[in-house]
Every structure is written in structure tokens, then in C-alpha cells.
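Structure first, then comments.
Because only heavy atoms are used, hydrogens play no part in the values below, and waters and symmetry mates are left out as well, while side chains stay in. Computed from a predicted structure; not experimentally measured.
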Amino acid sequence: MRRTRILTAVLALAAGLLAGTPPALAADGAAKVSLAADTYTWKNARIDGGGFVPGIVFNRSEKNLAYARTDIGGAYRWQESSKTWTPLLDSVGWDDWGHTGVVGLASDSVDPNKVYAAVGTYTNSWDPKNGAVMRSSNRGASWQKTDLPFKLGGNMPGRGMGERLAVDPNKNSVLYLGAPSGKGLWRSTDSGVSWSQVANFPNVGNYQQDPSDTSGYASDNQGIVWVTFDESTGTSGNATRAIYVGVADLQNSVYRSTDAGATWTRLAGQPTGYLAHKGVLDAAGGYLYLSYSDKGGPYDGGKGQVWRYATATGTWTNISPVAEADTYYGFSGLTVDRQKPGTVMATAYSSWWPDTQIFRSTDSGATWTRAWDYTSYPNRANRYTMDVSSSPWLTWGANPSPPEQTPKLGWMTESLEIDPFDSNRMMYGTGATVYGTENLTNWDSGGQFTIKPMVRGLEETAVNDLASPPSGAPLLSALGDVGGFRHTDLTKVPSMMFTSPNFTTTTSLDFAETNANTVVRVGNLDSGPHIAFSTDNGANWFAGTDPSGVSGGGTVAAASDGSRFVWSPDGTGVQYTTGFGSSWSASSGIPAGAIVESDRVDAKTFYGFKSGKFYVSTDGGATFTASAATGLPSGDSVRFKALPGGKGDVWLAGGATDGAYGLWHSTDGGASWTKLSNVDQADAIGFGKAATGASYQTLYTSAKIGGVRGIFRSTDKGATWTRINDDAHQWAWTGAAITGDPRVYGRVYVSTNGRGVIYGDTSDTSGGGGTDPTDPTDPAPTGACAVTYKITNQWSGGFQADVQLSNTGSSAWTGWSLGWAFPNAQTISQTWNAESTQSGSTVTAKNVGWNANVAAGSSVSFGFTGSWSGTNGKPTAFKLGDQNCTVA
């Protein structure tokens, strides 16, 4: 589940940081850009979770103050009044993208307004920048940063151990940070402003997950992994004398100082052959509890133990809840009940099958009970019930055989915390969510406690592709690890991710522009097909057949009418098919690994790009011809899209700082290109509904324009640009995908690598496109017309309908307005590809800017959703202005 995410995220970032995009030529060479000229409201398309939460930290002095850290998606603060998480690192910008990986987090118990985060995503070459310690005096609302002389690894092996960052509970100007890569133990004495290495700390660690890994990812020394203070050995204002430090060394994993860090010694008598993932000190009971695994995590681990160290006597006691010989997992998640000394809990973090396990003791580890037990194998008795109704996709649509259950209790359960003020509340992180309970002590009385997702607001998916069709669901997404979702309501969690098949990662998706019910997606799967199709706008799916040699999803394109598909998978060359992929043929003239897209008007025209060359097929993908155009980016960090409604109208974004980089526009199907002189760099391009009075759809790009990185919008084909995000809303790397909404002017969907799908809505109410119903100069169409009204979906209290309006006369329309009356008091709630108004039962639908012109013999379509009760009859009469239309 998480393995794919690591590699997918890394490859996406490695490619994306070199990408670029350019559109239309400005009137002169100067950048025409308005910075923050429009005010946007930014939200997440709700998924709730979707990624690994390796750390949860409760403040020890203030009730209800808690934080969570993620491996690539930043840090969050708990909001008790709404039971939601607030993101804290959205201000991290493009150049510092690695600083959304959080490897350590500390909340100051002396001054609860202060919080610290140790940030950096990779210690190898994948992340070009060093790590940093970020500090805040307002609970993460704003930050100051101290750069470090080494890298940190929020998404590296061992990231679930910790916490590596700790504040002295008696003298809060003192902090310690455990570093990876042999960089040792570091200390700050000025509240995180400056840092220096603790020169006399005796062990920098030596554990590597895989010493043979030449990428430097699995071969990195995991280093110093946690710091814990014994607050009972200090007084207010004076440095705590006893400090315990965990080291990634199988033979020497725990060290202690008894003189406030002046000297350090290895704890005598400690267990060997294991790594101490956590060290949790219960000062009231006088014990240091330690959870051990033979691996660094977060998904490996074959054996484990739990130990208790008496701080006063130095006595070690093996309190493992399971004999080491019976473990097939490591222990990691570890917590004590601050209200009830002697109550301790631990997790079997790496047990995927049949489930994770959580252990609980109320007598300092002398005896334990389990979250679930076997009755008679394979049947289980659970001490808990699970309610995932707020995030129903957590079942994965699975129907496993016992002893597996769905939803799982968890996996990669390295964070586990009992609320220090409330014995009934516990939270723990998994590879997909944060779970919690508020009646935990039912465990001890023999009753069942209830586990629910406690993750709302914490959005942690890596986004590979986005689509906003002109009808049906407003948003389809291709995501790492959890596959992707169909959002019919952006404010609600979808009931299920894409299934049948369920890709571990979806790499690309597309829909047929003139038949949005036809959707295709491709992705990665350990065993099984790598392509799937839908004929109902992504609500249901069926698997296609792979051509020989396919090893991964690659990119895919659907013909504008859905009649055929072109697929560029990993492992083999570009392929094409008619129908739904029951058989494939190799495309000629285009290299393997090319990015493919479709023309949004001509069903037989497809495009490709590879290594600086643009390719065009006019026979449905059978043969491609390289364009003679030059000057395009030489690398493969490119994303391009064809404009809906414009044959041969293509925009291409991408490049690298050491070569061509920007935004290009072609109006002749890629035969020639114009580079926009007012765009410095661009990495993704998308289209949305045209502004009022505009004849061309709105452009959106993740780009650098006028020397500023951001999300930009243009309503005039790229002649001028407006930055629509601000410095507080940057979301690090946003180069994978961007798209506007064809139905809502100003709405844009932005991909992130760890913060999910962000969407923004403008405060500019003047946009929207279409003709002005109060303007007497709006042309009234004349001539014969025909209407087809079709209810495409219906449910209790609601329905969806498509309307096709045909020009059956001899003259073209330069604008249209269609009216009808509902027979049963139906009410329209949302319209796409038209502007609608309703008064009582009477409805008027008018064109938007880009579909005003309808040639004789042509037609235009729009759709809407609405409500009904009792009966949902169809209108029987339609008028185009004063002209009665034939009803088909």
C-alpha cells in the first residue's frame, strides 16, 4: 500500500521539478501579470486521509492541543471544536518542496503557543535541498525557519520512529534533534534559532535498510531516531538532567545523559539485535518503555519485543505481549496513559495480514490483552467496533475471507497516543488515515470501544492527473496509493475509490470530450490488468486487456467521441484500440514512453510527445508522424492538453532550467508552435469556463510568471495573467496536473504531492461567460430547431438530464436561448455548458461564451442536475427564443 507511494512520489517529483509550460505570445516581451489581483477561496476536494501518518503529538500541558505529521504532506493541528485537522505548511513554496516531509514534531509544554517541525523529504539526491527546523510561536499559523547543514528524510525508511525532535520540558529554550546519515545528535539552546552538533555524543547510528541500494534511499544510515526527557530530573527554568536517546544500531540502541547532555553513556544491560522505535518515559511510574523491531519500518519488520527500563535501578524487564518466537512483525506504536500510571499500549506495526494488532496493559506490562483474539481459527473476536461511515472507502471495496476483515484495524501503525488529559481518547495513524476512539476504557471493563476515522481536514494524497468533464461528476482524480476518486460533491468524501480493478496507483485518466460517460484510466497493480474503462462517467468500471509486456500504467488518451483509445504504458510501446481494449495493436512512428493525449474535436486525431519531439496521428493512433517543429523542451518533463471545442488547438507546458522551459501554443495540431514570451516557466496547463464576454476558454497553469511562482489564470489566451494563489497557499510542488471547471467560471483544481486535490473559487462574480440576458444587443437565433431531452440518471429526490439542441435551419446561430416549463415542479440545482435561470416551473438556458456559435446542421449539448418529488416527467415543449422546436 505504501511502497508504491514512495516510488511514485519520488519519480513524479524528480520529473516534475524539471517540467515547464508556455501559451500564447504577449503583446511585448514584458511579463503581463497581476499578482494577487483576485481573491480566491481554497479548499480540498474531500477524501479525508489517504496517506501515512507516522507521528501524533499531544501537548502535555494544554488540553485538546495536538499535532500530526505526515511523510510528504506537511503537519496539522487538531481543532477540537470541529474535530478536524488544520494544515500548517501550505506556505511551503515550489523551491522548498521537500519541506513538506516532516520527520519530527515537538509541541512545547512550557509555552503551548510554540511548536517545532523538522522538515525535509529525502536524504539522497532526490531532494536537492538540506533539511530545516521550522519554529512557530502561534501554533503553526506562521513560521520561521533555520536551515540545517544536512538533509532530513520525512519520506525515508525509518520515518515512523521518533520523535527525533524534542523540547526540554523544564527549560524550553533547549531542543534536541536526531539526524540521519551519520550526522549525529544536534542541540539548540535558543529555542530553535541556531543549532550545533553534540560533539561528544558517542554513536551516530549504522543501520541501513539495504546497504546495496545505489540510489541512496534504502542505504541511508537511519541515524538518531528519538529523544526523550525525564522531566522529573529537572526543575522549572533548569535543564532536565536525564535525557534518553534512541539510535539506529541493532547492538547499541539506547543512550542516556544524566548531566543535561554534558556526557553520554550506553545504557547497560539493554536488549540487542533490535532497533528501539520508540522510547516513552512514564516519570510517575519511573519507567522508560521501549518498543523494538528488527527493522526500521514503516512496513518491514519480522520480529519484535517490548521492554521496560526502571530509571531508578537500571533494571531491564522484557514485557513483550507476545513471545519473540511468535512475532512476525515489529513493535513500534507506544504510549502511556498519563492519567493512569501503569497503563501502556503498543502496536504490531508491520502486520499486514490478517491485520495489525494493538496491545494494552494496565499493570506496567506484566499482563496484556489484545484488540482482537482468535476464537476458533479463522474466526476473530474483536474488543472494538469500527465505524468508517465518514470515510467509507477505507473498506477498499474488499470482501476478504476470515481472519481478514474490512476495514482493517490498520497497517503501518507506528503512531499511537492516548490523550494525556483523557484516558478515553486515543488516536493512531495508519498508512491511510488517522483512527481514534473516545471510549477506550471500555476495553478494560470488558465492553467494546468504537474506532472511527479522526482525519477530517488531513488530506494526504499524491495527485498524478485530474479531469473535470463537461457533464457528470465535476472531478475525476488519479492518485497514488488509493487509486483515485469520482467526486460528485467536492465537499463530501466519495463512497469508494475506483475499483474493478483497484490500482495501487493511477497514473493517468481521460474522458471522451463529447461523451463524458466514457472514461479510461491506467495505473499500477502488482498482478492484474493496468487499464480500466467506464461507460457511466466513472461510477463503475471494468478491466481491459493488457498488451504483452505492460509493467505499469503510463499515460492514456480517449478519442473525443470515445470510439477508440491510445495507450502508452510502461514496459512496451504505444498501443491503440477501437472499442474497450479487448485487443491492442502497436502504433508506429512514435517512441515507447511517449506522453499521449487526444484532440478534443477530431476523434481520429491523437498527439504524443517524447524527448523534444511532438507526434501526431490522424488515423486513430495507428501511425504517428513527428512534427517538424523545433525548440520544444528536450526532456520529458512535459504536460500538454488539447483545447475542448478547438480542433488542433494544443497547449504544451514543460522544460528544465538548463534548456527550453515555458508554455507553448499550437493552433495547427502541433505543426508549429508559439512560445509565450511572458511565461518564465510552466509545468502544467488546463482549461476552464470562459469569462463573461470572452470567446476563449480560461487558461490555468502552475508556472513562474513575472519572476513569481504560483497558480495563474488567463482569460485572454495567455496575453495577460493573474496570480490567483498567495504566499500562504503554495502547497509546494503543483506540477503534475491542473484543470479548470468547464461549468463554473474561475474554479480550478490543483494537484499536489501530498496535500490532495486543492480547488479554488474566485470572488469575482463578473465572470461566467455567455451572453447577458439583460443586454438587448444579444442576438436572438432564428430558424428551425430540434431538442432531445434525456434523463441520464435518477435517484430518490434527484436526477440528471442532458439536453441536445440542434440547428435544423439554414443559418448559423451566434447565440441561443432555450426555454421550457417543467411539468412536475422540478428544480434545477446545477447546470453545465449553459447558464440557466428558473422562475417557478419556467426555465431558460443560454449559451456560454465558447458554445454560442452553432452552424446550420450542427448541435450543442448541455446538462444539469435537479430535484423532483412524486413524478419526474419530461418537458413536452421547447422554444428557441420565439421559435417552437421539434421535440425528438
Side-chain angles (χ1 to χ4, degrees), residues 469-472 474 488 514-517 537 645 689-690 692 742-745 768-888:
S471 61
T488 58
T514 62
N515 179 16
N517 281 330
N537 193 242
K689 184 177 181 179
T692 299
R743 316 173 211 180
V744 181
Y745 169 73
T771 56
D772 183 350
T774 65
D775 187 349
T777 64
D778 282 347
T782 59
C785 52
V787 171
T788 301
Y789 179 99
K790 182 179 179 182
I791 297 174
T792 58
N793 196 7
Q794 182 169 303
W795 57 94
S796 178
F799 72 106
Q800 176 179 321
D802 287 344
V803 180
Q804 183 181 69
L805 171 62
S806 299
N807 182 350
T808 57
S810 57
S811 301
W813 302 337
T814 56
W816 50 267
S817 175
L818 183 69
W820 72 87
F822 279 125
N824 306 118
Q826 296 96 325
T827 302
I828 288 180
S829 55
Q830 185 181 47
T831 309
W832 50 92
N833 298 339
E835 293 287 344
S836 69
T837 58
Q838 183 169 357
S839 176
S841 62
T842 302
V843 177
T844 301
K846 293 177 177 288
N847 65 275
V848 292
W850 60 270
N851 65 2
N853 298 320
V854 184
S858 298
S859 61
V860 64
S861 296
F862 63 93
F864 61 86
T865 55
S867 60
W868 65 282
S869 60
T871 305
N872 188 22
K874 297 181 180 180
T876 57
F878 294 85
K879 279 194 172 185
L880 185 70
D882 294 328
Q883 176 76 41
N884 290 315
C885 297
T886 301
V887 180

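At least one side-chain heavy atom of Lys874 sits under 4.5 Å from a side-chain heavy atom of Ile791. In this structure the side chain of Ser471 never reaches within 4.5 angstrom of the side chain of Asn537, judged on heavy atoms. The side-chain heavy atoms of Lys689 and Val744, taken from C-beta on, include no pair separated by under 4.5 Å. With contacts defined as side-chain heavy-atom distances shorter than 4.5 Å, the pair Thr788/Val803 does not qualify. In this structure, the side chains of Phe862 and Asp802 stay at 4.5 Å or more apart for every pair of heavy atoms.
Of the possible polar contacts, none joining the Gln804 side chain to the Ser806 backbone as a donor-acceptor pair under 3.5 Å is found. When atom types are taken as modelled, the side chain of Asn807 and the backbone of Val854 share a donor-acceptor pair closer than 3.5 angstrom. In this structure a side-chain-to-backbone donor-acceptor pair under 3.5 Å is present from Asn847 to Trp816.
In this pair, Phe799 and Phe864 present their aromatic rings perpendicular. The plane angle is above 60°, beyond the 30 to 60° band. The aromatic rings of Trp820 and Tyr789 sit perpendicular to each other, their planes meeting at more than 60°, with 30° as the lower class boundary.
Residue Leu880 comes nearest to Leu805 through the heavy atom pair CD1-CD2, 3.9 Å, listed as atom of the first residue, atom of the second, then distance. Residue Thr808 comes nearest to Ala786 through the heavy atom pair CG2-CB, 4.0 Å, listed as atom of the first residue, atom of the second, then distance. Ile828 and Ser836 make their closest contact through CG2-OG, 3.9 Å (heavy atoms, listed as atom of the first residue, atom of the second, distance).
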> Run the side chain to side chain contact (heavy atoms under 4.5 Å, CB included) check on Asn872 and Asn824 step by step: do they pass?
Replying inline: CA-CA 6 Å; Asn872 188 22; Asn824 306 118; 5.7 Å; no
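The side-chain hydrogen bond (donor to acceptor under 3.5 Å, both in side chains) test applied to Thr886 returns no partner, not counting sequence neighbours.
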